[in-house]
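Beneath this line is the structure, given in structure tokens, with notes to follow.
These numbers come from a predicted model, not from an experiment. A note on names: the letters A, B, ... follow the listed sequences, proteins ahead of strands, and every chain is numbered from 1.
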There are 2 protein chains.
Amino acid sequence: MATTEDTIAVRISKELADRIISGVIEPGSRLRQDHVAEEFGTSHVPVREAFRRLEAQGLAISEPRRGVRVAAFDLGEVREVAEMRAALEVLALRHAAPHLTPAILDRAEEATKAGDKSRDVRSWEEANRTFHRLILTPCNMPRLLSTIDDLHAASARFLFAAWRSEWETRTDQDHRAILSALRQGNTESAAATLGRHVQWIGQKPVKTASGRTRDAFAIVG
Amino acid sequence: MATTEDTIAVRISKELADRIISGVIEPGSRLRQDHVAEEFGTSHVPVREAFRRLEAQGLAISEPRRGVRVAAFDLGEVREVAEMRAALEVLALRHAAPHLTPAILDRAEEATKAGDKSRDVRSWEEANRTFHRLILTPCNMPRLLSTIDDLHAASARFLFAAWRSEWETRTDQDHRAILSALRQGNTESAAATLGRHVQWIGQKPVKTASGRTRDAFAIVG
DNA sequence: TGAGTTGAAATTATAGATAATTCCTGCAAT
DNA sequence: ATTGCAGGAATTATCTATAATTTCAACTCA
């Protein structure tokens with residue numbers, strides 16, 4: 001990774017984003033600039049800029065003069081992100097479809113296979129993100145793609161929060177259906193399947209700290 | 001405006017956003033932190049934070065160690081924003097529809113009338129934004145609404161760039177059709193009209209600095 | 001003409017000062 | 001005894017001032 005190219009603020013924001021997404025830092029916990037600054041061996045100014053970036057991605061919320069907290073989320077926000085992804089990824093796919101080459105679709109199929117073989121959440125999520133990115137990037141709409149990227153980050157966070165450790169391998173039929181429709185030039189069918197696929201919200205019982213079990217929800221597509 | 005509540009960085013970002021949107025600062029021109037800092041009577045640190053906010057809204061782009069520029073835009077980006085707005089506003093309207101009250105619809109009609117009577121771009125834009133905000137806010141999806149807000153800011157910028165001074169009053173049939181459909185409880189029809197409405201791209205010949213005329217484009221909905 | 005170098009200007013980072021908020025402790029009142 | 005309210009210390013966010021890199025352009029010399 002070309003970390004030397006980036007500014008310190010960018011480096012810090014990437015590292016913090018990774019921790020928030022993976023759940024190392026819990027939702028609602030405070031991000032204290034002096035602590036972060038000390039950890040990264042810098043002063044607090046670049047840390048503040050990193051906070052602004054996280055805020056823009058929706059990973060943190062800041063209240064003036066009261067500091068920054070890791071954004072909390074509930075089932076409502078999971079649904080919201082799922083629906084926004086459905087709307088925007090369908091839009092992106094419609095524009096990308098004419099520019100999709102067999103080579104790209106082959107790589108997307110590789111990503112699907114990698115996802116099916118994944119034995120942990122983390123590698124599944126990476127494969128899944130690769131698939132979506134591959135078929136959407138050719139739409140050539142930078143603003144749209146960057147918004148979708150932020151939504152994927154949120155999705156990954158929900159996913160890791162629910163499926164902290166356990167993960168059962170499963171074959172992704174939707175991805176295959178989308179690829180097959182795209183190969184046949186049937187864009188509308190592919191878009192429709194993608195829209196449904198992304199809105200599917202998985203449900204899983206998890207044990208809370210108090211020993212009780214409750215349901216956790218996440219986007220699994 | 002409760003400017004004392006905000007932090008200095010927020011105040012600066014709002015003021016700069018306003019200037020960028022209204023076209024006072026031209027696309028591509030550099031934003032120099034020292035100059036801005038001097039103008040606002042502060043140091044450069046809050047200015048840098050303001051720049052990060054503008055970046056997140058898509059109004060500015062920053063290249064590491066090379067400064068911040070006002071984002072440029074072309075017809076492609078106008079189209080992109082129009083399509084994103086169509087997708088997201090339709091989504092928002094579907095969720096807002098069940099919560100719309102006659103009182104809200106009446107206020108939306110007032111906003112439409114105000115837009116029809118507007119004799120300059122600025123007040124038309126404000127009325128138009130009020131209309132959209134009124135019928136979408138009840139969807140209760142904060143993330144979606146804030147994304148739509150950023151897109152509206154971009155739209156306004158395109159609009160002001162094209163219709164710098166001249167503006168001809170026109171009655172907005174789409175807004176009326178949307179309201180009438182909503183009053184009859186026909187959400188799908190309202191959503192379809194809104195989707196088309198927002199994607200309509202106005203076209204207008206403008207004189208360039210070199211005396212030639214070319215076409216300018218903007219979202220007029 | 002063109003490559004290399006120097007110097008001014010701007011961005012980025014550091015350290016320190018200021019102001020606000022939180023948290024704790026002690027006292028009073030119910 | 002417990003709740004509620006001050007007051008003050010400690011923590012934290014915000015801003016200013018200053019220093020260190022980096023970039024860009026102009027100028028010199030081959």
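Side chains of B/S123 and B/D120: a donor-acceptor N/O pair is present below 3.5 angstrom, by distance only. Checking B/E89 against B/H152 by side-chain atom types alone, a donor-acceptor pair falls below 3.5 Å. A donor-acceptor pair shorter than 3.5 Å can be found between the side chains of B/E83 and A/H95. Side-chain contact, B/S155 with B/R85: a donor N or O sits under 3.5 Å from an acceptor N or O.
In this structure, the CZ atom of A/R11 is 12 Å from the C1' atom of C/dA13, given to the nearest Å. Atom pair B/R32:CZ and C/dA9:P shows a separation of 12 Å (rounding to whole Å applied). For the pair A/R30 CZ and C/dT21 C1', the computed distance is 9 Å after rounding to whole Å. Atom CD in A/E63 sits about 12 Å away from atom P in C/dT21, given to the nearest Å. In this entry the distance linking CG of A/D6 with P of C/dT12 reads 12 Å, nearest Å. Computed from coordinates, the B/R69 CZ to C/dA10 P distance equals 13 Å when rounded to whole Å.
More than 12 heavy atoms of other residues, nucleotides or ligands shown are found within 6.0 angstrom of CZ on A/R19.
Extent of DNA chain D lying under 4.0 Å from chain A heavy atoms, first and last nucleotide in 5' to 3' order, is D/dT12 to D/dC15.
Taking the six-membered ring where tryptophan is involved, the planes of A/H132 and A/H197 are essentially parallel, since the angle between them stays under 30° and well short of 60°.
Sequence order on DNA chain C of the closest nucleotides to B/G67 and A/P46 puts B/G67 first from the 5' end.
Salt bridge A/E125/A/R129: present, at least one basic N to carboxylate O contact under 4.0 Å.
Residues A/W167 and A/R122 are not in side-chain contact: their nearest non-hydrogen atoms beyond the backbone lie 4.5 Å or more apart.
In the set C/dT12, C/dT11, C/dT14, C/dT12 carries the atom at the smallest distance from any side-chain atom of A/T7.
Distances shown here put every side-chain N or O of B/R66 at or beyond 4.0 Å from the OP1 or OP2 atom of C/dT11.
Contacts between residues 33-44 of chain B and DNA chain C, counted as heavy-atom distances below 4.0 Å, involve B/Q33, B/D34, B/H35, B/H44.
The side chain to side chain donor-acceptor pair (under 3.5 Å) search around B/D215 returns B/Q203, not counting sequence neighbours.
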